[in-house]
Visitor: 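Please find one structure pasted underneath; my questions will follow.
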2 protein chains.
Amino acid sequence: MANISDIIEQFILKTLGEDQSVDISRNELASFFSCAPSQINYVLETRFTLDRGFVKESRRGGGGYIKISKINVEDDNYMNNLILESVGDDLSYKRLYQILEKLTYEKIITKREADIICASLNDESLAMPFTVKDSIRARAFKNVLTTLLLYKED
Amino acid sequence: MANISDIIEQFILKTLGEDQSVDISRNELASFFSCAPSQINYVLETRFTLDRGFVKESRRGGGGYIKISKINVEDDNYMNNLILESVGDDLSYKRLYQILEKLTYEKIITKREADIICASLNDESLAMPFTVKDSIRARAFKNVLTTLLLYKED
DNA sequence: AAGGTTTGACTTTCTTTGACCTTTAAAAAG
DNA sequence: CTTTTTAAAGGTCAAAGAAAGTCAAACCTT
């Protein structure tokens with residue numbers, strides 16, 4: 001955790017807190033952390049992604065800003081979207097991991113459940129050629145999500 | 001004895017101590033012991049294996065690290081036995097299902113967790129040739145069981 | 001000779017930096 | 001009041017840097 005990106009990520013998460021969104025100023029943040037402004041973009045691109053449940057919006061020019069919003073995972077749209085589109089036909093382990101983090105954070109699954117899914121679908125478990133691996137993972141994970149949806153009914 | 005690998009092993013074990021995990025920096029360790037960085041990998045591969053109850057996780061790039069976690073293998077004969085013998089190198093879906101029923105009945109896992117494992121490792125998810133399927137399932141399920149051992153602490 | 005160790009060259013992944021680009025609000029000019 | 005200019009944002013992309021991973025050859029031990 002010695003890299004700036006992680007620190008900035010934590011800072012933004014903390015600033016967000018329980019709120020649904022925050023506005024940040026790219027340049028201010030960058031100068032606060034004494035880093036290149038594009039570093040902020042890097043953090044946003046790698047950490048505040050849709051998979052992890054964030055949506056961004058920004059505006060340039062005077063009084064510009066970047067707004068980071070948490071998406072509402074409550075309703076089944078998020079899960080349905082994951083199943084139908086977001087996951088797609090291929091799913092890397094990394095991406096799976098990020099999605100699981102989000103689902104855990106939103107308390108849709110427990111940490112233990114996330115770990116179970118991870119263990120069964122990581123690269124070591126799925127010991128097979130690259131090309132097939134990601135597609136098997138996608139298929140299997142969609143099945144898991146579908147199973148979870150069944151539990152949401154109650 | 002007296003070879004660097006053993007010394008590094010001891011050092012890591014000592015650093016671990018009673019803790020459940022440690023973070024190490026491959027390059028730092030290597031330069032501390034004046035050895036090639038890949039020597040560290042060698043030590044990890046030969047000494048901190050799953051069989052011996054260790055799980056590893058790492059990250060490259062700036063601020064990279066290697067995390068070594070210890071799993072509690074204590075006295076859990078049933079799970080250990082499952083991992084080492086019962087499951088074996090091949091595992092049919094039927095057999096998996098039976099084991100999951102047993103684990104659920106014994107309250108080692110919840111029904112929901114069983115369903116999740118089922119969903120991710122059933123024949124539909126693992127869409128691949130028969131010959132490979134059962135061996136992938138065995139491997140994956142063993143990983144799941146190992147992960148569950150991590151939770152046996154509490 | 002066999003098996004475990006050690007080393008180093010090469011690869012992959014992730015992060016950091018900086019130069020250059022685009023958009024926009026506000027100010028200046030007409 | 002409209003148009004033009006300017007400065008203040010944010011965006012993009014590629015190169016450099018910082019780890020860790022891999023693999024095979026050389027080296028020891030028994």
Side-chain angles (χ1 to χ4, degrees), chain A residues 1-12 15 21-52 54-69 91-98 101 122-124 127 129-131 133-134, chain B residues 1-12 15 21-52 54-69:
Chain A
M1 206 333 201
N3 64 32
I4 297 193
S5 291
D6 287 339
I7 294 170
I8 296 175
E9 175 189 9
Q10 292 309 311
F11 178 84
I12 295 176
T15 314
S21 73
V22 255
D23 280 26
I24 63 172
S25 148
R26 189 179 79 141
N27 288 343
E28 265 181 33
L29 246 197
S31 84
F32 181 70
F33 285 106
S34 316
C35 64
S38 54
Q39 179 92 51
I40 307 299
N41 296 83
Y42 177 71
V43 172
L44 296 182
E45 274 157 31
T46 54
R47 274 94 165 150
F48 294 84
T49 61
L50 199 72
D51 290 347
R52 294 189 181 188
F54 296 97
V55 179
K56 290 154 286 177
E57 176 194 337
S58 67
R59 187 116 155 246
R60 307 185 185 187
Y65 62 87
I66 300 175
K67 182 194 283 273
I68 304 167
S69 312
L91 180 64
S92 69
Y93 172 69
K94 197 197 246 171
R95 197 129 175 275
L96 168 66
Y97 189 83
Q98 290 173 352
E101 270 187 331
N122 66 23
D123 283 332
E124 198 197 318
F130 243 131
T131 40
K133 199 183 283 198
D134 286 358
Chain B
M1 195 23 132
N3 65 37
I4 296 196
S5 291
D6 288 337
I7 294 170
I8 296 175
E9 175 189 9
Q10 291 309 312
F11 179 84
I12 295 176
T15 314
S21 74
V22 255
D23 279 26
I24 63 171
S25 148
R26 189 180 80 142
N27 288 344
E28 266 182 32
L29 246 197
S31 85
F32 182 70
F33 286 106
S34 316
C35 64
S38 54
Q39 179 90 52
I40 308 299
N41 295 84
Y42 177 71
V43 173
L44 296 181
E45 274 157 32
T46 55
R47 276 93 164 152
F48 294 83
T49 61
L50 214 97
D51 298 351
R52 298 193 185 185
F54 295 97
V55 178
K56 291 155 285 177
E57 178 195 334
S58 68
R59 201 152 126 203
R60 307 184 187 187
Y65 62 85
I66 300 176
K67 182 195 283 275
I68 304 167
S69 312

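Every heavy atom of this structure was used, including side-chain atoms; hydrogens, water molecules and symmetry mates were not. In what follows, chains carry the letters A, B, and so on, assigned in the order in which the sequence lines appear, proteins first and then strands, with residues in each chain numbered from 1.
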Visitor: Without decimals, in angstroms, what is the distance between A:K94 NZ and C:dC14 C1'?
Guide: 7 Å
Visitor: Search all heavy atoms of B:C35 against all heavy atoms of B:I4 and return the closest pair with its distance.
Guide: CB-CD1, 4.4 Å
Visitor: What is the separation between atom CZ on A:F33 and atom C1' on C:dT15, rounded to the nearest whole Å?
Guide: 16 Å
Visitor: Find the distance B:N3:CG to D:dT30:C1' and express it as a whole number of Å.
Guide: 14 Å
Visitor: What contact category does A:K56 fall into here, base, sugar-phosphate, or nothing, at under 4.0 angstrom with non-hydrogen atoms?
Guide: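 Since no nucleic acid heavy atom lies under 4.0 Å of A:K56, the category is nothing.
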Visitor: Starting at atom OH of A:Y97, determine the distance to atom P of C:dT13, rounded to an integer number of angstrom.
Guide: 18 Å
Visitor: Within the structure shown, what part of the strands sits under 4.0 Å from B:I40 by heavy-atom distance: base, sugar-phosphate, or nothing?
Guide: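 B:I40: no heavy atom of the nucleic acid under 4.0 Å.
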Visitor: Using heavy atoms to find the nearest nucleotide of DNA chain C for B:Y42 and A:I4 separately, return the residue whose nucleotide is more 5′.
Guide: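 Of the two residues, B:Y42 wins.
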Visitor: Where do A:L44 and A:K56 come nearest, in terms of heavy atoms and distance?
Guide: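 Reported closest heavy-atom pair: O-NZ, 3.3 Å.
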Visitor: Between B:S5 and C:dT6, does any side-chain N or O lie under 4.0 Å from OP1 or OP2?
Guide: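 Indeed, a polar side-chain atom of B:S5 lies that close.
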Visitor: For A:F32 and A:F11, take the angle between the two ring planes, folded into 0 to 90°, and tell me which bin it lands in: parallel under 30, tilted 30 to 60, perpendicular over 60.
Guide: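 If you compare the ring of A:F32 with that of A:F11, the planes turn out tilted.
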Visitor: Could you tell me the separation between the CD atom of A:Q39 and the C1' atom of D:dG11, rounded to a whole number of Å?
Guide: 15 Å
Visitor: If we check side-chain contact (heavy atoms from CB on, under 4.5 Å) with B:I24, which of these qualifies: B:T15, B:I68, B:I8?
Guide: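 The single option meeting the side-chain contact (heavy atoms from CB on, under 4.5 Å) with B:I24 is B:I68.
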Visitor: Checking A:L29 against A:I66 for the side-chain contact (heavy atoms from CB on, under 4.5 Å) test, could you report, in this order, the C-alpha distance in whole Å, the side-chain angles of both residues, the deciding distance, and whether it holds?
Guide: CA-CA 11 Å; A:L29 246 197; A:I66 300 175; over 6 Å; no
Visitor: When every nucleotide of nucleotides 12-21 of chain D is labelled 5' to 3' by its protein contacts under 4.0 Å (heavy atoms), B for base, S for sugar-phosphate only, - for none, what sequence of letters results?
Guide: BB----BBBB
Visitor: What verdict does the side-chain contact (heavy atoms from CB on, under 4.5 Å) test give for A:I7 and A:Q10, after you've listed the backbone C-alpha separation in whole Å, the side-chain angles of each residue and the deciding distance to 0.1 Å?
Guide: CA-CA 5 Å; A:I7 294 170; A:Q10 292 309 311; 5.8 Å; no
Visitor: Which whole-number value in Å describes the distance from A:R47 CZ to C:dT16 C1'?
Guide: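 Between C1' of C:dT16 and CZ of A:R47: 12 Å.
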Visitor: Looking only at heavy atoms, which two atoms of B:R52 and B:R47 are closest? And how far apart?
Guide: CD-O, 3.2 Å
Visitor: Could you check B:T46 against A:A36 and say which one's nearest nucleotide on DNA chain C is further toward the 5' end?
Guide: B:T46
